[in-house]
K.L.:
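The structure that follows is given in the form of structure tokens.
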Amino acid sequence: MGKDTEEWLTAQQCATRTGLSIRALRLYEQRGLISPRRTTKDWRLYGRSEIERLHEIVALKAFGLSLKDIGALLSGQVTDLGRALDTQRHALEARLRQAETGLRAIDVLRQRFDKGESISTEDLLGLIHTMEGAPETEAATGWARYEQARPRVATSLSHNQMADLEGAWQFADGLVVRTKLVEGKLHFCPPGQPAYRLWAEAPDRFFIKGLPVQVSFTRREGAVVGLNHHQDGGVETAVPIDSASAALAETTLAQRITEQQPLAASAAAIRGVIATHGAADPDFDNLAPALKRLAEEQRDHMAAVLASLGPLQSLDFTRVSDTGLDIFIANFAQGRLEIGIGFAPSGKISTLYFT
DNA sequence: CTTCTAACA
DNA sequence: TGTTAGTA
């Protein structure tokens, strides 16, 4: 094989060859996606490997991935492309559903327009919202789900790097978890569950083996100020709390689990949510912000599910879960759902799941 | 005439 | 990403 027969392209030649702009080439280099060699005059030279990689980048970009995603993929941190394809498919399906609801909304407005009825600016704004609102978010959480599910490689951290990660943490919904060092190994201890060993993939970034869950820590000026729990395409943040407050919260929770009594507000809140999802103009103001975002994304899906189930006939409390959620069984005319609900200190619904 | 960096749109 | 300025 000829060794020195490799052709080296200048920036302009490379740009022409790949269909990219010189500016884009420099941007990709700045983002660490490529690293062309330089001449003594600092001119960039692009070889075979760079051209190959640029073609990969172009393909992945057309595929809808951000430069950040592409960087992660190309740096070898991601090996499971099959899962990437799946999540990308889900993201595209979500956009498809979004487009379909947009089309339906347009058809409705078109019919009213044809009949000579007036169309308010509010109608149009609502239409615009359905069209541009969710797809980006869904694609983003789709990718986040993949990112959280991808295979990970554990590295080891020094004792110093984990010493200040031990403590008690409280989430927005009031739930308290602890992180503990046991024999030099960091553990994540949610209430009512066994301790999970946290494996480091980088300083302040950990994962749990066998679960698509990550735990990371936020620092400000070197001090740890937050614990982030990554799961289901989202992230929940907890703040450090002192040991006494943690103990109080833990005994309160333990008491609720022992007594197995639902919170006074639970049943009414669930009925409210069901009624709201069935309404033409859902209002999610009683949901905490993170949940509100989720609810808006899933509005059509939930509305369809609830519509297929028919009217609610009864709502029966079953138990208090290990994390303090009130679990109900909702009986509908055409089926049943298990529903879990939890509240933030603000009184708004912080957790809600339908099964 | 081209590429470089840096900064701004 | 595009554009522009001032260089080498």
Side-chain angles (χ1 to χ4, degrees), chain A residues 1-81 83-99 102 121 124-125 127-148 150 202 205 216 218-222 230 233-235 293 296-297:
Chain A
M1 341 282 168
K3 274 187 167 182
D4 291 342
T5 57
E6 179 158 1
E7 49 171 343
W8 294 96
L9 307 182
T10 67
Q12 185 54 64
Q13 291 170 319
C14 178
T16 310
R17 179 82 63 96
T18 57
L20 294 161
S21 66
I22 295 181
R23 185 67 181 82
L25 295 178
R26 291 205 269 254
L27 180 67
Y28 299 166
E29 181 178 347
Q30 191 191 328
R31 300 290 186 84
L33 271 48
I34 48 172
S35 42
R37 56 182 270 191
R38 302 289 190 110
T39 70
T40 49
K41 290 192 185 84
D42 247 13
W43 287 27
R44 291 173 177 81
L45 286 180
Y46 298 85
R48 181 190 52 80
S49 62
E50 278 78 30
I51 302 289
E52 264 178 26
R53 171 155 277 209
L54 283 166
H55 282 128
E56 291 175 349
I57 294 172
V58 170
L60 292 169
K61 206 154 59 84
F63 191 52
L65 300 188
S66 70
L67 290 188
K68 192 183 165 193
D69 298 335
I70 295 172
L73 215 52
L74 262 38
S75 66
Q77 290 167 9
V78 179
T79 54
D80 193 347
L81 252 181
R83 229 195 293 254
L85 289 170
D86 287 344
T87 54
Q88 202 59 27
R89 162 162 255 283
H90 290 141
L92 288 175
E93 283 171 349
R95 282 172 61 182
L96 183 61
R97 284 198 297 277
Q98 194 67 26
T121 52
L124 290 175
L125 289 175
L127 173 60
I128 291 168
H129 181 72
T130 44
M131 288 172 66
E132 71 182 358
E136 238 181 47
T137 341
E138 295 213 25
T141 62
W143 178 259
R145 282 203 177 92
Y146 164 65
E147 174 60 22
Q148 290 173 2
R150 71 171 167 77
R205 289 176 49 205
S216 66
T218 310
R219 289 175 189 273
R220 192 153 51 222
E221 287 154 10
H230 308 258
V235 53
R293 180 172 49 78
E296 282 169 348
E297 284 172 18

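Letters A, B, ... mirror the listed sequences (proteins, then strands); counts begin at 1.
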K.L.:
Decide, yes or no, whether a salt bridge links A/K61 with A/E56 under the criterion of side-chain N to carboxylate O below 4.0 Å.
P.N.:
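Answer for the salt bridge query: no.
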
K.L.:
Using the side-chain contact (heavy atoms from CB on, under 4.5 Å) rule, take A/I57 and A/T18 through it: C-alpha gap first, then chi angles, then the decisive distance, then the call.
P.N.:
CA-CA 10 Å; A/I57 294 172; A/T18 57; over 6 Å; no

K.L.:
Expressed as a whole number of angstroms, how long is the span from A/I22:CD1 to B/dC4:P?
P.N.:
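It is 7 Å, rounded to the nearest whole Å.
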
K.L.:
As a test of your reading of the structure, name each stem of DNA chain B as range with range, where a stem is three or more consecutive Watson-Crick or G-U pairs at under 3.5 Å.
P.N.:
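Listed by first number, the stems are B:4-9 with C:1-6.
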
K.L.:
Polar atom pairs between nucleotides 6-9 of chain B and protein, under 3.5 Å, N or O only, would you list them?
P.N.:
none

K.L.:
Quick one: does A/R38's side chain have a donor or acceptor within less than 3.5 Å of a partner on A/L45's backbone?
P.N.:
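Not confirmed, A/R38 side chain does not pair with A/L45 backbone.
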
K.L.:
Distance under 6.0 Å and angle within 45° of the ring axis: does A/R37 meet both against A/W8?
P.N.:
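The answer is yes, since A/R37 meets both limits relative to A/W8.
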
K.L.:
Just how far, in rounded Å, is P of B/dC4 from CG of A/L25?
P.N.:
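The answer, rounded to whole Å, is 9 Å.
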
K.L.:
Please determine, by modelled atom types, if A/T16 and A/Q13 share a side-chain donor-acceptor pair under 3.5 angstrom.
P.N.:
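No, no side-chain donor-acceptor contact under 3.5 Å.
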
K.L.:
Side chains of A/R44 and A/L25: does their closest heavy-atom pair fall under 4.5 Å?
P.N.:
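Side chain of A/R44 against side chain of A/L25, heavy atoms only: no contact under 4.5 Å found.
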
K.L.:
Starting from C1' on B/dC4, measure out to CD on A/E29 and report it in whole angstrom.
P.N.:
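To the nearest whole Å, that distance equals 11 Å.
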
K.L.:
Could you tell me whether A/R31 atom CZ has more than 12 heavy atoms of other residues or ligands within 6.0 Å of it?
P.N.:
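No, because the 6.0 Å sphere around CZ of A/R31 holds 12 heavy atoms or fewer from other groups.
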
K.L.:
Roughly how far, to the nearest 0.5 Å, is CD1 of A/I34 from SG of A/C14?
P.N.:
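If I round to the nearest 0.5 Å, the distance is 6.5 Å.
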
K.L.:
What are the residues of residues 34-49 of chain A, sorted by number, that bring a heavy atom to within less than 4.0 Å of DNA chain B?
P.N.:
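By residue number: A/R38, A/D42, A/W43, A/R44.
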
K.L.:
Using a cut-off of less than 4.0 Å, is there contact between a side-chain N or O of A/T10 and OP1 or OP2 of B/dT2?
P.N.:
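Negative; the distance criterion is not met.
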
K.L.:
What pair of heavy atoms forms the shortest contact from A/Y46 to A/I51, and how long is it?
P.N.:
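Closest heavy-atom pair between A/Y46 and A/I51: CB-CD1, 4.5 Å.
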
K.L.:
Taking atom types as modelled, find out whether A/S216 and A/H230 have a side-chain donor-acceptor pair closer than 3.5 angstrom.
P.N.:
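A/S216 vs A/H230: donor-acceptor pair found between side chains.
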
